[in-house]
Every structure is written in structure tokens, then in C-alpha cells.
Amino acid sequence: MLSAANRLLLRSHTQILSKSLASASELKKTPLYDYHVVQGGKMVGFAGWSLPVSYPDLTHVQSHLHTRKGVSIFDVSHMLQLHIHGKDRVKFMESVIVADVESLAPDTGTLSLITNDTGGIIDDCIVHKSSAGFLNLVCNAGCADKDLAHLMERCSEAQGSGMDVAIEVKPNHSLIAVQGPLTQSVLQQGVSSDLSLLYFNHTALVDVWGIPCRVTRCGYTGEDGVEISVPDDRVVELVEKLTSVSDEVKLAGLGARDSLRLEAGLCLYGNDIDETTTPVEAALMWTISKRRRAARDFPGAGVIMDQFEAKPKSGKRRVGIVVEKAPGRPHYPVLNTDGAVVGEITSGSPSPCTKQNICMAYVDHKYIKNGTPLQVQVKKKVFPATKVAMPFQPTNYYNPPK
């Protein structure tokens, strides 16, 4: 029987998944689909794909906690993987995202945002500058069609103006996320190069147990870990090898992935950010370097920088909130202590690690100071809440020594 905590988590993350549900016949399948089914994965629809939300050996809470102390493997093959080619690839990329791509060292990358002309966020993405002479871009599955259409349109415009640039959808490659503090020790058994030299947001082409892969030190859990781009026809072989070398390696699904990213204070596109929110409102201005801010040469720069530089500050901001006694859910109103609505929750769940009801929300700027007392309306009841710093759970990224 499920515990109360597991029932709350299951309901919370099922609500998120149900936003993307489609009939089984319409859902796309990753190359790991049959493997998931054989392993007993509970398959659900997400962003047009059939993916496991959980596995029978661990409950949602157990899988979440295991990722914080061991190693978990997530199938993220539904993500859009692109290569950007041509001598003007950096100039082109900076015309569509906010990152300082020019300043990236070879084989390093960063989180960035694809913005529109009004400052809204079309999607968040990861961009890496490969020493092989191209840019590697990974975008969210739920935005894949609109992202690709947008990028191809901008690429066509760039080519028409004489720029040397081309976009390639990376063919026949799956993507798995191997996450948790024991990732390096497990993966090192199949890699000849020293993984202790591969730092957060660094990437390398390496053979993993003889399988040619791109290994990137990143993830969506707040833990140390990697994402591995691997040929479709060898991804099952790689997962089977990883799960065979240590009992600390477990399969994990979408449910744990969502609660892990929330604890880490990471946004879910469509919930916490979308085309109606700007990087200023979303507390993501750290993705825009001083050079890009000064140049104001990315889409929506005028709107974004005017909002950032405005005095006095105003408008909404993304914040962390802890609610007493009841879990917050998306769209629940956030109130001030006088009972006036001052914001809305975008993501919420009981936290397996902190044992608190954690939420992301957008609130009026005057309520963003840590410790500010608030309230959350849960149906017809109102519960005390407090504005807190994010991440809710300390992150464990593998950064170079200072």
C-alpha cells in the first residue's frame, strides 16, 4: 500500500504528466521503450512520448532518495538534439538565444533561453561549443516542434542574408541521464579517460564500454551526473551494462525526475516559464552575460533590459515558497497576510528530502524577500506559507576546485 507521502507525490506529478497525455496509438516511442516494458516500467504519455513514470522495485519517494545517494538512469531520448554547423554558427546562435556562446571555451556549455521579440521565453535549452567545429543544442521535447520550426525559420533568414550556417537534427541518437553522487565511480569503469577532469557543463566524445558516446556533465536533478548521447542501436546495451556493474544503479522515471528538479529549484517549461514570462520575471537573468546585456543584441533585449534596469523594481518574480500542513499545486493562489491575492503557484510537491511542502510561484516583487510571511489558498482553506531561497535542497554539481 502507498504511504501518504507517496500518494501526495504521485497525485502531484500525475497532474503534470496528464497535461501531455495522448492515446497510446499516438505516442512516440524511444529506442528504450521495449526495455522499459520488460523492466516493468509504468508507461505514461509525456510531451507526445510514451515514457516510464516509475518502476516496480522502488516507490516514487524511494527512487527520488536513491538518486540523492546512489545512481539513477533516466531515459531522456525524447529531447530534441541538434547540431549547428557553419563558420557563422556562433553569430547565428547568439541571434536566437541569450547565451554568450562566443566566450564559451571548446567543449563547454551552459543553460540558455530561446527568447521572442517581446522578451518571452520560447524554451530553455543547453548549448555546448564542440571542439569538432559545431554547436550542440538540446531542447525540451514538449517544445521540439515549435523550437525546430522557429530555428529553421531563423536559419533560413540568416542564410538569405549571406550567413554560413546550417541546422542538423542529430540522427539516430538516444539520450540518457545518469544522475547521482556515485555516477563518476560507476561510469569510470567503462571509460579510459579520467572523468574527474570532466567538470560541470563540460562535454567529451568518449567510448563507454566500447560504445562511441558524447558524455556531458550536466542534468536536471541538482546532483552530480552526466547525460550520454548514444547511438540508438546501442542504447539498450549501454543501460544494461550500467545496471550490471553496481547494485547502486537503478532505473528511474518521470515522477522522481520532476520532484528532484523541483527540490533543485529548476524550471519546468510550460509550468514555471513560458512565452508570457521574461528572464527577469523568471529569476533567470544569470543566463545573460554582461557582454550580451550591454550589446542588447538578442531577441527581446529591449524589453528584457528595460525591465531589468527599471527603478523602482516592479512586476512579478519567480520565488520559492514553503507551505505549512498542505501541499501547494499549480494555479493555487498565493495571498499576503491581509488575504489579498499577490501571486500563483506554478509547481508544488511534498519534498522527500526536506520533508516540507515546497513550491515555485510568481509573486509581486514586494514579497520576494526571504522570510516574508505569505498564505496559500488550497481549495476553500488558507494555509500559512513563507518565501524561502532556492534551491530547496543544496545542489551537488561537480565544479572545478577553486
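Numbers here are sequence positions counted from 1.
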Evaluation steps, side-chain contact (heavy atoms from CB on, under 4.5 Å), between I97 and V101: CA-CA 9 Å; I97 68 175; V101 183; 4.0 Å; yes
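- The pair K91-D297 does not count as a salt bridge, with every side-chain nitrogen at least 4.0 angstrom from each carboxylate oxygen.
- Residues C155 and A166 approach most closely at SG-CA, 4.1 Å, considering heavy atoms.
- No donor-acceptor pair under 3.5 Å is formed between the side chain of E157 and the backbone N or O of G160.
- For D194, the CG atom is densely surrounded, since the number of other residues' heavy atoms within 6.0 Å is greater than 12.
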Step-by-step side-chain contact (heavy atoms from CB on, under 4.5 Å) determination, D57 to K250: CA-CA 9 Å; D57 60 329; K250 303 290 186 183; 3.9 Å; yes
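- Under the 3.5 Å distance criterion, the side-chain polar atoms of T243 are matched with a main-chain donor or acceptor of V239.
- The aromatic rings of F200 and Y397 sit parallel to each other, their planes meeting at less than 30°, with 60° as the upper class boundary.
- The residue from T108, N136, L104 that alone fulfils the side-chain contact (heavy atoms from CB on, under 4.5 Å) condition with K129 is L104.
- When atom types are taken as modelled, the side chain of S77 and the backbone of L175 share a donor-acceptor pair closer than 3.5 angstrom.
- Residues L266 and L262 fail the side-chain proximity criterion, which asks for heavy atoms closer than 4.5 Å.
- Counting heavy atoms from C-beta on, the side chains of L148 and V169 come closer than 4.5 Å.
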Verdict with reasoning, L284 to L113, per side-chain contact (heavy atoms from CB on, under 4.5 Å): CA-CA 9 Å; L284 292 171; L113 307 171; 4.1 Å; yes
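- A cation-pi arrangement is found for K316 relative to Y362, the charged atom lying closer than 6.0 Å to the ring centre and inside a 45° cone about the ring normal.
- When all heavy atoms of F92 and L151 are compared, the pair lying nearest together is CZ-O, 3.8 Å.
- Under the 4.5 Å side-chain criterion, counting only non-hydrogen atoms from C-beta, P401 is in contact with Y199.
- A donor and an acceptor atom, one from each side chain of R214 and T203, are located under 3.5 Å apart.
- Residues D272 and S347 bring a donor and an acceptor atom of their side chains to less than 3.5 Å of each other.
- M360 places none of its side-chain heavy atoms less than 4.5 Å from the side chain of V319.
- The backbone N or O of L260 lies less than 3.5 Å from a partner atom in the side chain of R68, making a donor-acceptor pair.
- Using modelled atom types, no side-chain atom of S349 and backbone atom of S351 make a donor-acceptor pair closer than 3.5 Å.
- There is a side-chain donor-acceptor pair under 3.5 Å between T278 and Q307.
- Side-chain atoms of D123 and N140 form a donor-acceptor pair, as typed in the model, at a separation below 3.5 Å.
- T221 and Q179 are linked by a side-chain donor-acceptor pair at a separation below 3.5 angstrom, with hydrogens and angles left out of the test.
- Remark: the backbone N or O of P352 is paired with a side-chain donor or acceptor of K355 at under 3.5 angstrom.
- Counting only N and O atoms by type, the side chains of D107 and H202 include no donor and acceptor under 3.5 Å apart.
- In this structure, T354 OG1 and E263 CD are separated by 6.0 Å, a value rounded to the nearest 0.5 Å.
- A salt bridge does not link R317 with E281: every distance from a Lys NZ or Arg NE/NH1/NH2 to an Asp or Glu carboxylate oxygen is 4.0 Å or more.
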Intermediate values then yes/no, side-chain hydrogen bond (donor to acceptor under 3.5 Å, both in side chains), S229 and K170: CA-CA 10 Å; S229 184; K170 191 172 183 179; 2.8 Å; yes
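- Panel note: side chain N116, backbone T118; a donor-acceptor pair is recorded below 3.5 Å.
- Contact annotation: the side chain of M305 approaches that of M285 to within less than 4.5 Å [non-hydrogen atoms, C-beta and beyond].
- Around atom CG of D232, more than 12 heavy atoms belonging to other residues, nucleotides or ligands sit under 6.0 Å away.
- Contact check for V208 versus L242: no side-chain heavy atoms found under the 4.5 Å cut-off.
- R292 places a side-chain N or O within donor-acceptor distance of the main-chain N or O of A99, the cut-off being under 3.5 Å.
- Taking the centre and axis of the six-membered ring of F308, the NZ or CZ atom of R293 falls inside the cone set by 45° and 6.0 Å.
- Considering every non-hydrogen atom in both E227 and G219, the closest pair reads OE2-CA, 3.9 Å.
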Residues C143, Y269; criterion side-chain contact (heavy atoms from CB on, under 4.5 Å); working and verdict: CA-CA 8 Å; C143 299; Y269 192 88; 3.3 Å; yes
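- Side chain of Q375 to main chain of V334: no donor-acceptor pair is present (N/O by atom type, distance under 3.5 Å, no hydrogens or angles).
- Shown here is K313, whose NZ atom has more than 12 heavy atoms of other residues, nucleotides or ligands within 6.0 Å.
- Atom CD of residue Q81 and atom CD1 of residue I126 lie 12.5 Å apart, to the nearest 0.5 angstrom.
- Looking at S259 and H60, their side chains come closer than 4.5 Å, going by heavy atoms from C-beta outward.
- A side-chain donor-acceptor contact under 3.5 Å links E94 to the backbone of E102.
- Screening T115, D147, D274 for a side-chain contact (heavy atoms from CB on, under 4.5 Å) involving I122 leaves a single residue, D147.
- Here the shortest heavy-atom pairing between I114 and C125 reads CG1-SG, 4.0 Å.
- Taking a 6.0 Å sphere around NZ of K325, one finds it holds 12 or fewer heavy atoms contributed by other residues, nucleotides or ligands.
- Of all non-hydrogen atoms in S63 and A252, the two that sit nearest each other are OG-CB, 3.5 Å.
- The OH atom of Y33 sits 9.5 Å away from the OG1 atom of T30 when rounded to the nearest 0.5 Å.
- Summarising the geometry, atom CG belonging to L80 is positioned 4.0 Å from atom CG belonging to L82; distances are rounded to the nearest 0.5 Å.
- Cation-pi geometry between R217 and Y398 is met: under 6.0 angstrom from the ring centre, within 45 degrees of the axis.
- In this structure the side chain of L137 reaches within 4.5 angstrom of the side chain of M93, judged on heavy atoms.
- The distance from the CG atom of N201 to the NE2 atom of H128 is 4.5 Å, given to the nearest 0.5 Å.
- To the nearest 0.5 Å, atoms OH (Y220) and SG (C267) are separated by 7.5 Å.
- When all heavy atoms of I273 and A282 are compared, the closest pair comes out as CG2-CB, 3.6 Å.
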